[in-house]
2 protein chains.
Amino acid sequence: MRAGAPRRALRPTAKALPEHARAHNRSLVLAHLFHEGASSRADIARSTSLTRVTVSGLVADLMAEGLVEELGIRAEGKVGKPATFVAMRTESFQVVAVDLADDTRMQGAVVSLVGEVVSRREAPLDGVTGDAAVDLLETLCRQLLADAQHPVLGVGIASPGVIDTDGRVVAAPNLGWSDLPLSALFERRLGVPVHVANDANTRALGEFTYGTASGSGAIVVTVGQGVGSGVVVDGALVSGRHNAAGEIGHVTVVDDETAGETPYPCACGRRGCLETVLSVPALRRRIAGLDPQDSDAALASVGRLLGISLAPVVSTLDLEEVLLSGPPELLDGPLLEAALTTIRARTMPVIGHELTMRMGSLDEDGVLAGAAVLVLSGQLGVT
Amino acid sequence: MRAGAPRRALRPTAKALPEHARAHNRSLVLAHLFHEGASSRADIARSTSLTRVTVSGLVADLMAEGLVEELGIRAEGKVGKPATFVAMRTESFQVVAVDLADDTRMQGAVVSLVGEVVSRREAPLDGVTGDAAVDLLETLCRQLLADAQHPVLGVGIASPGVIDTDGRVVAAPNLGWSDLPLSALFERRLGVPVHVANDANTRALGEFTYGTASGSGAIVVTVGQGVGSGVVVDGALVSGRHNAAGEIGHVTVVDDETAGETPYPCACGRRGCLETVLSVPALRRRIAGLDPQDSDAALASVGRLLGISLAPVVSTLDLEEVLLSGPPELLDGPLLEAALTTIRARTMPVIGHELTMRMGSLDEDGVLAGAAVLVLSGQLGVT
DNA sequence: TCACGTTTGTTAGTAGAACTTCCTTATTAA
DNA sequence: TTAATAAGGAAGTTCTACTAACAAACGTGA
């Protein structure tokens, strides 16, 4: 006879209007063209299960906005009236992408809509923080906006630290930022849409859009100065209560009882964090001066620690893929293999056995590509 | 200059039609009435940000279907025309809920729309499995359908094992079921809508709807014969690649190097799974014959193992709450405290410090309440 | 060669949804 | 009694996508 008054809705939802449906279907058409390339209106209709009439209307709108163009008649000879190709004008728009993950310099680029870097710029940080860093970033963005040869859809900024969904930097210690409404501020200053997200999440977005990561459930672990990750669950990036989802670098993996390891102090003030063994500096320290065999064993021991901490995550979320991103000479070998072996050994066969774990397919520009996706997703609804 | 052809969309989306908007808004109205109780049409309009006209139309539809009724004039004296209360007719409909988590018997109940058990029935399993278990379940459901004093919206079944989103039992070893389309089968046989889900996920649904769990990010760990969990991330239950999300019971937490512990064999064929220390039988074994102090220490040691395995999950998903469900005399005390302490010690302060961990607020009928939510959510879109 | 079927894309008309505007009703406050 | 306030409904507008029908352009096969 136990009962309880119903408390609250699981997911606070917003009202739905007809024009929302229109916007949704518009994104559907755009996403098809983005992912599948040039297609006929009838192709789009089949793929989206909208009618040809509706697709024609949406395509007409998109052509009027200059986002889509007709390419001419399909060559292949099949029966029936030949199809007219339409395609997204990916070459006629660009995106400005900035990567703030590096401690020493800001990396920026003009990026095409398919994630190709067209031109780049750097701004050495020289230890500036706070407002000075904001100004430096603004200058870099202005230069990149001037560099672009085509209209810029927006600016995408990947920053370390905690960023909320409105593009406000809640905390980015390296840059001395806290509670900084970066997105709103730069939209005012630059006059173009600005999207900001955490660097590891941004890289994950890049992997999902341009790389080979699958959308059902995956985690992309980024290994650099620190260790971060982006998590996709049921097709969407996880943000978390404090927008701190993916912060796996400061999970304790080494304590006094861990065989063969010593818990080293971490920048966060605690000891034995994953970052103290898996970050690039930590890995380099660990293998410095070792001969290849000992080095491999040392890397494998870190892989095992990574596997131990990932196993509960993989199992709880029933993930499909684990991707590693960072220097291949450190990660792609004994470390990755040991991590995968460890995860498989520590999870149910049905989950661990079908798990794939590998290096991400994007290189150091993956974050820039992801920043482009931020804009694409925010402005056009394309993911 | 690295690039990649865009591969696939992150989230495969379906077309949007105006009538979908209607259904969505209809659920919005229903959900408001469900969670807030009797309200005027104008109240609903304010809460949903729909117009009064639209709300009036939707309420008229719902009244024609008998789901909603007018209650009369609001008593409180404010200026303006007095409001007419409308309310969901929660007492005029019922749900049949069945809990298959127990190895020895099927537990069923007629449940009101607010999660109250109206009447119950049990069916001893006596070791039957496979088709015989299906027949037993059908008989139980028919009896419960006959027991109901009001029209039944549907049947909600919580089963152990892996259940896909269509209500197909992929694998439920205890019941000898595999690849059984339970939902479709019973809809044909019983003639009412049938919804099936994993028992741990169902309990999580119950906690979120009738209990005190918050929707942003939480995990509900159910401790019974085995150990399972349901995970809510960004307001939605996680299903996972194999629909096996939440299967935390078979994560390895004890290996040969774990101080003070011995890895015991598990039913899954491996050793040292969480289930070998945290399940109710394992806990009872562990504290059997110990005096209170030793018993507390033994429970705390299990709590510590739970905390170690949950810490990476809490940190990666930036969860807000961890709920434990099961016998309070085992869980609510040293075990829970040790687990929370361990999680806090092993995660970033910002994540761990604000984490709350406590017992779920629903008792042994939580699964039945969750099964009612399955129907409510599936039939009315109310969560 | 030529009628026929097929496919594409468009035009016209229909149905559904939610909005704004205006009105009636009912109550309190001055 | 009058003005202000609020609830609820009626009428008409706008937006959306659908079905039905059609013209254009092309292969196929007699």
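Sequence lines set the chain letters: A, B, ... in the order given, protein chains first and strands last, and positions in each chain run from 1. Keep in mind that what you see is a predicted model, and the values were worked out from it rather than measured.
Put simply, the side chain of Leu182(B) does not reach to within 4.5 Å of the side chain of Val194(B), judged on heavy atoms. Counting only heavy atoms from C-beta outward, the side chains of Leu30(A) and Leu58(A) never approach each other to under 4.5 Å.
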Please evaluate residues Arg26(B) and Glu19(B) with respect to the criterion salt bridge (Lys or Arg N to Asp or Glu O under 4.0 Å), reporting the C-alpha separation (whole Å), side-chain torsions for both, the decisive distance (0.1 Å), and the verdict.
CA-CA 10 Å; Arg26(B) 182 190 130 106; Glu19(B) 58 248 48; over 6 Å; no
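Nucleotides of DNA chain D nearest to Arg41(B) and Ile73(A) differ in position, and the one nearer the 5' end is that of Arg41(B).
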In 5'-to-3' order, the base (B), backbone-only (S) or no-contact (-) status of each nucleotide in nucleotides 13-25 of chain D, using a 4.0 angstrom heavy-atom cut-off, is ---BSSBB---BB
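Residues passing the side-chain hydrogen bond (donor to acceptor under 3.5 Å, both in side chains) test with Glu187(A): none are found, sequence neighbours excluded.
When the C1' atoms of four end pairs are superposed on the next four at each end of the helix from dT1(C)-dA30(D) to dA30(C)-dT1(D), using five pairs per end, the two resulting axes differ in direction by 10°, to 10°.
Ion pairing of Glu65(A) with Arg89(A) is absent here, as no side-chain N (NZ or NE/NH1/NH2) approaches a carboxylate O to less than 4.0 Å.
For the OP1/OP2 pair of dG9(C) and a distance below 4.0 Å, the side-chain nitrogens and oxygens of Ser56(A) include no atom meeting the criterion.
Looking at Leu62(A), Asp61(A), Val68(A) one by one, the single match for side-chain contact (heavy atoms from CB on, under 4.5 Å) with Val29(A) turns out to be Leu62(A).
To the nearest 0.5 Å, atoms OG1 (Thr54(A)) and CG (Leu17(B)) are separated by 8.0 Å.
Between the side chains of Thr48(B) and Asn25(B), no donor-acceptor pair is found at a separation under 3.5 Å.
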